[in-house]
Each structure stands twice: as structure tokens, then as C-alpha cells.
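Remarks on the structure that follows.
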Amino acid sequence: MVTGGNTLARVSVGTSGWSYPSWRPGFYPAGLDPSAFLAFYAERFRTVELNTTGYRMPGAEQFRRWAGQAPDGFEFAPKLPGHRPRALDAFDAVVRALGDRLGPVRVSVKSARDEGALELLLGSLAPDIRVAFDLEHPSWDGIEPRLAEAGAVRVNDLEHPAPFRYLRRREAPDEAFAERIRTSAEPVYVYFRHDDAPTAPAYAQQLVELLS
């Protein structure tokens with residue numbers, strides 16, 4: 001079994017976003033200016049989801065500023081709305097401004113199964129981008145082998161062959177959850193979803209401690 005530091009070497013734990021004044025105090029110090037939130041966050045975690053890209057795409061300069069506030073090895077995981085395939089070219093060009101801090105891309109698809117749309121997405125994203133499909137409708141069940149064939153993964157899937165794992169969770173981690181991560185041989189990204197209270201960073205730190 002892989003344990004301790006060996007596990008943490010291939011597991012990146014973080015939260016869904018970081019720019020939340022309601023996390024101050026509790027996670028961020030009471031007097032910390034919001035402009036310093038990212039640098040503070042990046043000292044404690046190795047990755048973060050960029051949900052803002054699912055609603056409004058920032059300019060390349062904003063991505064460069066974010067990348068400049070994070071240390072080597074830190075990764076941003078941008079969100080791509082799967083219902084806007086025409087935005088793919090612009091999305092790819094802009095997120096490249098993150099440089100080596102570009103992590104996996106989460107493609108959010110809320111609609112029922114449409115394999116034509118899936119193939120369009122798979123064929124439009126550059127092959128060096130690690131893609132995690134967040135397929136909410138149950139009609140997508142069984143698509144995992146096709147994703148693996150394309151080098152992609154389904155969010156929260158730990159069962160099927162895949163080059164990496166992408167997990168999203170709202171609940172506090174427990175030993176059973178930590179054990180599932182330990183037994184995965186692939187790189188694992190884990191994101192705790194945002195609440196107004198600073199529970200997400202607290203849960204992320206708990207998971208790091210469970211895996212240590």
C-alpha cells in the first residue's frame with residue numbers, strides 16, 4: 001500500500017475557488033486584504049478550481065497575474081461550460097497564459113447524453129490538456145471507457161481505467177475516503193466545494209492530514 005508522503009506526492013488537494021471574504025476570519029486572517037488571498041491560499045494548498053471561467057472568461061493578463069502569485073508546482077483547474085463549444089478556441093488561448101500552472105480542465109455538462117457533443121469537445125481540446133468531464137445526468141453512465149480512450153476522466157470516478165482522477169466533494173473527508181485515494185495508483189486531484197463558511201479549506205486540510 002502507498003502511504004504517507006508517497007501518497008501526498010501524487011495527490012493535489014484544494015478547494016473550489018479562493019476569493020471569498022466570508023472565509024475571513026476562519027481561514028484567512030481577519031485583516032488580510034483580498035488581493036493577498038491567493039498568495040496566502042497557495043502557501044497551504046497545491047491546486048484550486050477556477051469556477052469563474054465557467055461564467056465569464058477573464059483576459060490573458062488576469063491569468064498571468066494569478067500565475068505570478070502562485071509558487072512553482074501550483075495548479076489552477078479552469079472550468080469550461082460544455083454547452084458553449086464555440087468558445088473552445090478562445091478558452092484554450094487564454095488559459096495558456098497560466099503557463100506551467102495550468103492544471104486539469106473541468107468540463108461541466110448538465111444535459112442528457114449526447115455523444116456527438118462529447119466527440120466535438122474531445123476533438124477540439126488540445127491533446128496536452130488533461131480533461132475531466134463533470135457529467136451530471138445519469139444517462140452518461142457507461143461513457144467512462146470512451147473517456148479513458150481519449151485520455152480523459154469522469155469527475156468522481158475511481159473505478160474505471162483513467163490517466164488521472166478528479167474528485168469533487170462537499171462533505172468532510174473520512175478515513176474511508178482517504179483510503180480510496182491511497183489505493184489509486186494515478187495522480188489524484190481533490191477539490192472541496194465552496195460554502196460561505198470556510199468549511200472547504202478546513203476539509204482540505206483535514207484530508208491532507210489523513211493522507212500524511
Side-chain angles (χ1 to χ4, degrees), residues 10-20 45-58 63 75-92 94-95 98 101-173 177 180-181 184 186-195 199-201 203-204 207:
R10 59 180 175 75
V11 178
S12 297
V13 181
T15 66
S16 182
W18 76 85
S19 184
Y20 305 116
F45 302 113
R46 291 167 50 185
T47 188
V48 70
E49 282 190 327
L50 275 176
N51 283 333
T52 184
T53 57
Y55 308 101
R56 181 187 60 82
M57 182 61 68
F63 283 100
E75 293 180 291
F76 296 87
K79 176 183 176 181
L80 171 64
H83 66 282
R84 298 211 313 254
R86 293 180 182 176
L88 285 172
D89 289 343
F91 178 87
D92 183 89
V94 174
V95 298
L98 289 168
R101 288 162 176 76
L102 174 60
V105 171
R106 179 170 68 94
V107 180
S108 174
V109 179
K110 300 182 183 298
S111 56
R113 188 164 179 154
D114 182 340
E115 296 191 33
L118 175 68
E119 294 302 326
L120 175 61
L121 288 163
L122 288 173
S124 301
L125 291 165
D128 63 322
I129 290 182
R130 292 161 291 169
V131 185
F133 282 89
D134 197 354
L135 305 171
E136 298 186 22
H137 198 278
S139 61
W140 287 102
D141 291 353
I143 200 66
E144 294 82 5
R146 173 64 188 111
L147 298 182
E149 181 182 300
V153 66
R154 186 173 184 178
V155 170
N156 288 334
D157 177 33
L158 282 170
E159 308 302 327
H160 298 85
F164 69 99
R165 308 295 178 181
Y166 192 113
L167 309 179
R168 306 186 79 229
R169 184 179 175 94
R170 192 177 294 279
E171 303 81 18
F177 182 66
R180 294 181 70 203
I181 293 172
S184 176
E186 301 79 22
V188 182
Y189 293 84
V190 185
Y191 299 99
F192 287 90
R193 298 170 63 181
H194 162 251
D195 283 313
T199 52
Y203 291 167
L207 180 60

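Every value quoted in this text rests on a predicted model; they were computed, and no experiment measured them.
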Residues in side chain to side chain donor-acceptor pair (under 3.5 Å) contact with Tyr191, at least two apart in sequence or another chain:
Thr47
Going by side chain to side chain contact (heavy atoms under 4.5 Å, CB included), name the residues that satisfy it together with Glu171, two or more places apart in sequence or in a different chain.
Arg169
State, to 0.1 Å, how close Gly103 and Pro78 come at their nearest heavy-atom pair, and which atoms those are.
O-CD, 4.5 Å
Kindly give the heavy-atom pair with the smallest separation between Pro58 and Thr52, and that separation in Å.
CG-CG2, 4.3 Å
Does a side-chain heavy-atom distance below 4.5 Å link Leu135 with Val155?
no
State which residues pass side chain to side chain donor-acceptor pair (under 3.5 Å) with Arg165; sequence neighbours excluded, sorted by chain then number.
Glu186
Side chain to side chain contact (heavy atoms under 4.5 Å, CB included) for Ile143 and Phe133? Distances and angles first, verdict last.
CA-CA 10 Å; Ile143 200 66; Phe133 282 89; over 6 Å; no
For Met57 versus Phe91, what's the shortest heavy-atom pair and its separation?
CE-CD1, 3.0 Å
Going from NE2 on His137 to CG on Asp114, what distance comes out if it is rounded to the nearest 0.5 angstrom?
12.0 Å
Rounded to the nearest 0.5 Å, how far apart are CH2 of Trp18 and CG of Asn51?
10.0 Å
Positive for side-chain contact (heavy atoms from CB on, under 4.5 Å) with Leu147, one of Val131, Val153, Leu118, Asp157
Leu118
Holding to side chain to side chain contact (heavy atoms under 4.5 Å, CB included), I want the full list of residues that pass it with Tyr20, two or more places apart in sequence or in another chain.
Ser22, Trp23, His194
Rounding to 0.5 Å, atoms CD1 (Ile129) and CG (Asp92) come to a distance of 4.5 Å
Which residues share a salt bridge (charged side-chain N to carboxylate O under 4.0 Å, His left out) with Asp195, sequence neighbours left out:
Arg170
Is a donor on one side and an acceptor on the other found under 3.5 Å between the side chain of Glu119 and the backbone of Ala117?
no
Assess whether a salt bridge exists between Glu159 and Arg180, defined as any Lys/Arg side-chain N lying under 4.0 Å from an Asp/Glu carboxylate O.
yes
The criterion is side chain to side chain contact (heavy atoms under 4.5 Å, CB included); which residues satisfy it with Arg130, sequence neighbours excluded?
Glu75, Pro104, Phe164, Tyr189
Smallest separation among heavy atoms of Ala152 and Pro163, with atom names:
O-CD, 3.7 Å
By ring-ring contact (aromatic ring centres under 6.0 Å, His included), which residues pair with Phe63, not counting sequence neighbours?
Trp66
Step-by-step side chain to side chain contact (heavy atoms under 4.5 Å, CB included) determination, Phe192 to Val13
CA-CA 8 Å; Phe192 287 90; Val13 181; 4.2 Å; yes
Listed by chain and number, what are the side chain to side chain donor-acceptor pair (under 3.5 Å) partners of Arg113, not counting sequence neighbours?
Glu115
Counting distance only, does the side-chain N/O of Trp140 pair as donor-acceptor with the main-chain N or O of Ser111 below 3.5 Å?
yes
Close side-chain approach of Tyr166 and Asp134, heavy atoms under 4.5 Å
no
What one should report as the nearest heavy-atom pair of Pro161 and Ala148 is O-CB, 3.1 Å
Which residues satisfy the side chain to side chain donor-acceptor pair (under 3.5 Å) test with Ser19, sequence neighbours excluded?
none
For Leu80 and Val95, what are the C-alpha separation, side-chain angles and deciding distance, and is it a side chain to side chain contact (heavy atoms under 4.5 Å, CB included)?
CA-CA 10 Å; Leu80 171 64; Val95 298; over 6 Å; no
Sequence-distant partners of Asn156, side chain to side chain contact (heavy atoms under 4.5 Å, CB included), two or more places apart:
Leu167, Arg168
